Undergrad: 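Here you go, one structure.
Note that this is a predicted model, so its numbers are computed, not measured.
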Number of protein chains: 2
Amino acid sequence: MAKNYSSEISNPLSSNHEDYLKAIYILETRGEQVTNSVLSEYIGYTPASATNMVKKLAQMDLVIYRPHQAVALTPTGRRVALEILRHHRLLELFLHKTLDIPWDSVHEEAERLEHVISEALEDAIAASLGYPKVDPHGDPIPSKNGEVSHTPGHPLSQSEAGRTYRLVRVLSQEKERLAYLGELGLHLNAEVHLREQAPFDGPMLVEVAGEEHALAADMAALLQVVPASAE
Amino acid sequence: MAKNYSSEISNPLSSNHEDYLKAIYILETRGEQVTNSVLSEYIGYTPASATNMVKKLAQMDLVIYRPHQAVALTPTGRRVALEILRHHRLLELFLHKTLDIPWDSVHEEAERLEHVISEALEDAIAASLGYPKVDPHGDPIPSKNGEVSHTPGHPLSQSEAGRTYRLVRVLSQEKERLAYLGELGLHLNAEVHLREQAPFDGPMLVEVAGEEHALAADMAALLQVVPASAE
DNA sequence: AATAGTTTTTAGCCATGGCTAAATTGTATC
DNA sequence: GATACAATTTAGCCATGGCTAAAAACTATT
């Protein structure tokens, strides 16, 4: 169980503690107020359980908790969350690139592995991948000292018709959704030509690898793109 | 948590359950009577805890338990144990070959990973390694349907002086011991020339990669060798 | 076969971290 | 400001799986 969330933390954290911290981090970066209900729904436990755990995390100085207020990570809590997130995303990329695990499956696998890899293994994986910056979904991989690079792009749904874009990030981890996108050829870095956008948030007509597809607006909203370099 | 110890098992097993089954399997194959004290000492918990867990495993039909008797794995229990052992050894080899993790470190890393990899990942690892038969210590990797190949060789301590052997297995997972052997050049498949064996179980004089070393008898007893092919 | 010594089991404690149900607090409306 | 409704917290239950200490059961010796 040799973890190394450094100095500050005395007793080792369980997978569960780590999952809560990661959840809080993700919800925070989404800009949401991390209320008990938001957190408990995200993490899939009852509100009572979430309160319980949050109190414990507060005792360990990993979060700041005031009754009836949104939770917030402390600097230490954020460091732990980022370490786990780094594990997660490194693992996703590793599984995808080194073992050809499809991009729609890496998330759930990494979800378990992220809690049990040592620092040494984390380092070895990062080195073998050439210290990558993003995972197979385009999500940024936090650096070892907790920096998260800003990812560029804007939603395909808010893009100009008639232009070609490159897919740089997919804001979803849902297996089915990712599998569907994969079938359409919409992998990371795929080029998408936006033919037209139906009005009133209607579907979009896109061309990927020579094939034309209709894409629901809510799906397109999850696709972060940048103008294709060829343009 | 999607495991697939097939049909027979209803609720998923914890890492702990799996560790117990693996321990029982290993002790059984050592030819030992798996009594409560042997088991509890091996697994590092008190005898009372071991009794407790063994009873639970018995309820799940994974072991046969009669008070005051040695425990024995049921066919299902053995299948689970072998699956975990397969995970463990595949992971050891994978970590060593693909990520250059030293052979003295792979054991503890695999010890945690073995419980959380999916069947799909297990398969991908096995495929990427070309369906290997042994791990970095020469321990056999159980096949997917639970077959364990017999490993050849005899202890270096019971070998003939003046001959050259090839190291095919090391019967130890101790980090320090393996690190020491590694420094001596005694990796898997290394060639060892046995110069002489001091009487009364004294140390042996061996030559590895052009260098001469004295080797304690108890250390040599852990080294399984076969005559070098060149001979 | 009785006793001594060891091994194993039982009984019962503890912490963890889910849960439900009830109480409380906060918020919004009249 | 009272009242209704939602969100949160508290209280207390449960299972898990360690633990210690005590009881029970085996084994060996005289």
Undergrad: How far does CZ of B:Arg79 sit from CG of B:Leu21, to the nearest 0.5 angstrom?
TA: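 CG of B:Leu21 is found 12.0 Å from CZ of B:Arg79.
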Undergrad: Looking at every non-hydrogen atom in both residues, tell me the closest pair between A:Val134 and A:Pro140 and how far apart they are.
TA: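 Minimum heavy-atom separation between A:Val134 and A:Pro140: CG1-CA, 4.1 Å.
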Undergrad: So, OP1 or OP2 of C:dG18: does either fall under 4.0 Å of a side-chain N or O from A:Asn16?
TA: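 Yes, such a contact exists.
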Undergrad: Would you kindly give the CZ-to-P distance between B:Arg66 and D:dC26, to the nearest whole Å?
TA: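 My rounded result for the distance is 14 Å.
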Undergrad: Rounded to the Å, how far apart are A:His68 NE2 and D:dT9 C1'?
TA: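 After rounding, the gap between these two atoms is 6 Å.
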Undergrad: Using atom types as modelled and distance alone, determine if a side-chain donor or acceptor of A:Ser105 lies under 3.5 Å from a backbone N or O of A:Ile101.
TA: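 Side chain of A:Ser105 to backbone of A:Ile101, a donor-acceptor pair under 3.5 Å: no, none is there.
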Undergrad: Looking at residues 34-57 of chain A, who's got a heavy atom less than 4.0 Å off DNA chain D?
TA: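 Output list: A:Thr35, A:Asn36, A:Ser37, A:Pro47, A:Ala48, A:Thr51, A:Lys55.
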Undergrad: Check salt bridge (charged side-chain N to carboxylate O under 4.0 Å, His left out) between A:Lys22 and all other residues, then give those that pass, not counting sequence neighbours.
TA: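 Only A:Glu111, A:Glu114 meet the salt bridge (charged side-chain N to carboxylate O under 4.0 Å, His left out) criterion with A:Lys22.
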Undergrad: Return no unless some side-chain N or O of A:Tyr65 is found under 4.0 Å from OP1 or OP2 of D:dT9.
TA: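 For D:dT9, OP1 or OP2 has a side-chain N or O of A:Tyr65 closer than 4.0 Å.
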Undergrad: Does C:dG17 have OP1 or OP2 sitting under 4.0 Å from an N or O in the side chain of A:His17?
TA: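 True: A:His17 side-chain N/O within range (under 4.0 Å) of C:dG17 OP1/OP2.
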Undergrad: Please tell me whether B:His87 and B:His115 form a close aromatic pair, meaning their ring centres lie under 6.0 Å apart.
TA: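 Centroid distance B:His87-B:His115: not below 6.0 Å, so no.
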Undergrad: Nearest whole angstrom, please: distance from the P of D:dG17 to the CD of B:Gln59.
TA: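 Rounded to the whole Å, the gap is 11 Å.
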Undergrad: Verify the distance criterion only: is there a donor paired with an acceptor across the side chains of B:His88 and B:Glu92 at less than 3.5 Å?
TA: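 Their side chains do contain a donor-acceptor pair, which is all the 3.5 Å distance test asks for.
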